[in-house]
Amino acid sequence: MAILYPVFLNLSNKRCLVAGGGLVGERKVLGLLEAEAQVVLVSPDMTQGLRDLFEKGQIVWIARKFLPVDLIDCFLAIAATNYPHVNVEIVSEAKKRGLLFCGVDSDSQGNFLVPSVVRRGDLQLAISTGGASPAYSRLIREDLEQMFGEEHALFLVHLKKWRKQVMKQFPDDRERRRKIWQTIVNREVLALVAAGHWDQIEERVSACLSLSSA
């Protein structure tokens, strides 16, 4: 298998097709919805979880087997049916149309893989074993979930705020900005984040900006 190039896609308002209404299809749909994609599900039936999403108007449901016409205007397609030959057909049609496509079994393959992901606000940690072992990806994800709690999402919220302050204060001094970030973003500060010592972090940031402006 070729070495894959890791990338994060902006799927906001992009039409994305998922074929297959089982538990695997449900996981793929939920991931796409998190990315604010316009999800079209093609399947004769579906899980209760998917039905709930459909009834809430969060996905479009085409209640039949896949047809090539379903790929019109799609940005990507995920083949997640229980039938390998159908997944191969979907991937083949998507390839002809120049789409991004992914199959959930080894026979159908694809030109991208969906990684196992840890999300903490704007922080995303993606794990892939190149399709060799989803179980190993899940194990690593569980370890990372323990290492990176929700406090890291809050830290990124603060970093966005501080970044605006630093850019406004020193718009033309790249070296000074670099030194500020070395003081604010390091392992010592991450330890304070994990411990919830936001007052100490704010004091450090204020002192850093004050000293840098002198």
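Residue numbers run from 1 in the order of the sequence given.
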Other residues, nucleotides, ligands: >12 heavy atoms within 6.0 Å of [X] [atom1]:
X	atom1	result
Arg178	CZ	yes
Lys14	NZ	yes
Arg64	CZ	yes
Phe112	CZ	yes
Lys161	NZ	yes
Arg163	CZ	no

Euclidean distance, [Y] [atom2] relative to [X] [atom1], rounded to 0.5 Å:
X	Y	atom1	atom2	result
Ser116	Leu125	OG	CG	10.5 Å
Glu142	Ile127	CD	CD1	10.0 Å
Leu32	Gln58	CG	CD	13.0 Å
Leu67	Lys65	CG	NZ	10.5 Å
Gln165	Phe170	CD	CZ	11.0 Å
Leu9	Cys16	CG	SG	9.0 Å

**Report entry** Evaluation steps, side-chain contact (heavy atoms from CB on, under 4.5 Å), between Gln38 and Asn13
**Finding:** CA-CA 5 Å; Gln38 295 178 355; Asn13 295 318; 4.0 Å; yes
Query raised in the report: In terms of the angle between their ring planes, are Phe54 and Trp61 parallel, tilted or perpendicular, with boundaries placed at 30° and 60°?
Result: perpendicular
Does [X] reach the main-chain N or O of [Y] with its side chain, forming a donor-acceptor pair under 3.5 Å?
X	Y	result
Asn111	Leu99	yes
Ser92	Val88	no
Ser43	Gly21	yes

Between [X] and [Y], is there a shared hydrophobic cluster once you connect ILVMFWY residues whose side-chain heavy atoms come closer than 4.5 Å?
X	Y	answer
Ile72	Leu41	no
Val40	Ile78	no
Val114	Val39	yes
Leu33	Val42	no
Leu159	Leu192	yes

May I ask you to say whether [X] pairs ionically with [Y], meaning some side-chain N is under 4.0 Å from a carboxylate O?
X	Y	value
Arg27	Glu34	no
Glu145	Arg141	yes
Asp70	Arg15	no

Requested in this report: Let me see the working for Glu26 and Leu23 under side-chain contact (heavy atoms from CB on, under 4.5 Å), right down to the final yes or no.
Outcome: CA-CA 5 Å; Glu26 181 177 332; Leu23 291 175; 4.1 Å; yes
Would you call [X] and [Y] a side-chain contact if the rule is heavy atoms closer than 4.5 Å?
X	Y	value
Phe66	Leu71	yes
Val29	Leu50	yes
Val205	Ile180	no
Asp143	Gln146	no
Trp198	His158	yes
Leu123	Phe148	yes
Leu53	Leu30	yes
Trp162	Ile201	yes

Query raised in the report: Going through the distances and angles, do Glu188 and Arg204 end up as a salt bridge (Lys or Arg N to Asp or Glu O under 4.0 Å)?
Result: CA-CA 11 Å; Glu188 183 180 350; Arg204 178 183 288 243; 2.8 Å; yes
Which atom pair, heavy atoms only, marks the closest approach of [X] to [Y]?
X	Y	result
Thr183	Val189	O-CG2, 3.7 Å
Thr129	Ser137	CG2-OG, 3.2 Å
Arg177	Asp172	NH1-N, 4.0 Å
Thr81	Val104	O-CG2, 4.5 Å
Leu156	Asp122	CD1-C, 3.7 Å
Leu113	Ser128	CD1-OG, 4.1 Å

Query raised in the report: Could you walk me through whether Gln182 and Asn186 pass the side-chain hydrogen bond (donor to acceptor under 3.5 Å, both in side chains) check?
Result: CA-CA 6 Å; Gln182 285 179 337; Asn186 54 50; over 6 Å; no
Requested in this report: Could you give me the CA-CA distance, side-chain angles and deciding distance for Leu76 and Phe101, then say whether side-chain contact (heavy atoms from CB on, under 4.5 Å) is met?
Outcome: CA-CA 5 Å; Leu76 66 76; Phe101 55 92; over 6 Å; no
Query raised in the report: After noting the C-alpha distance and the side-chain angles of Val24 and Lys28, does the key distance pass the side-chain contact (heavy atoms from CB on, under 4.5 Å) rule?
Result: CA-CA 6 Å; Val24 175; Lys28 304 306 181 185; 4.1 Å; yes
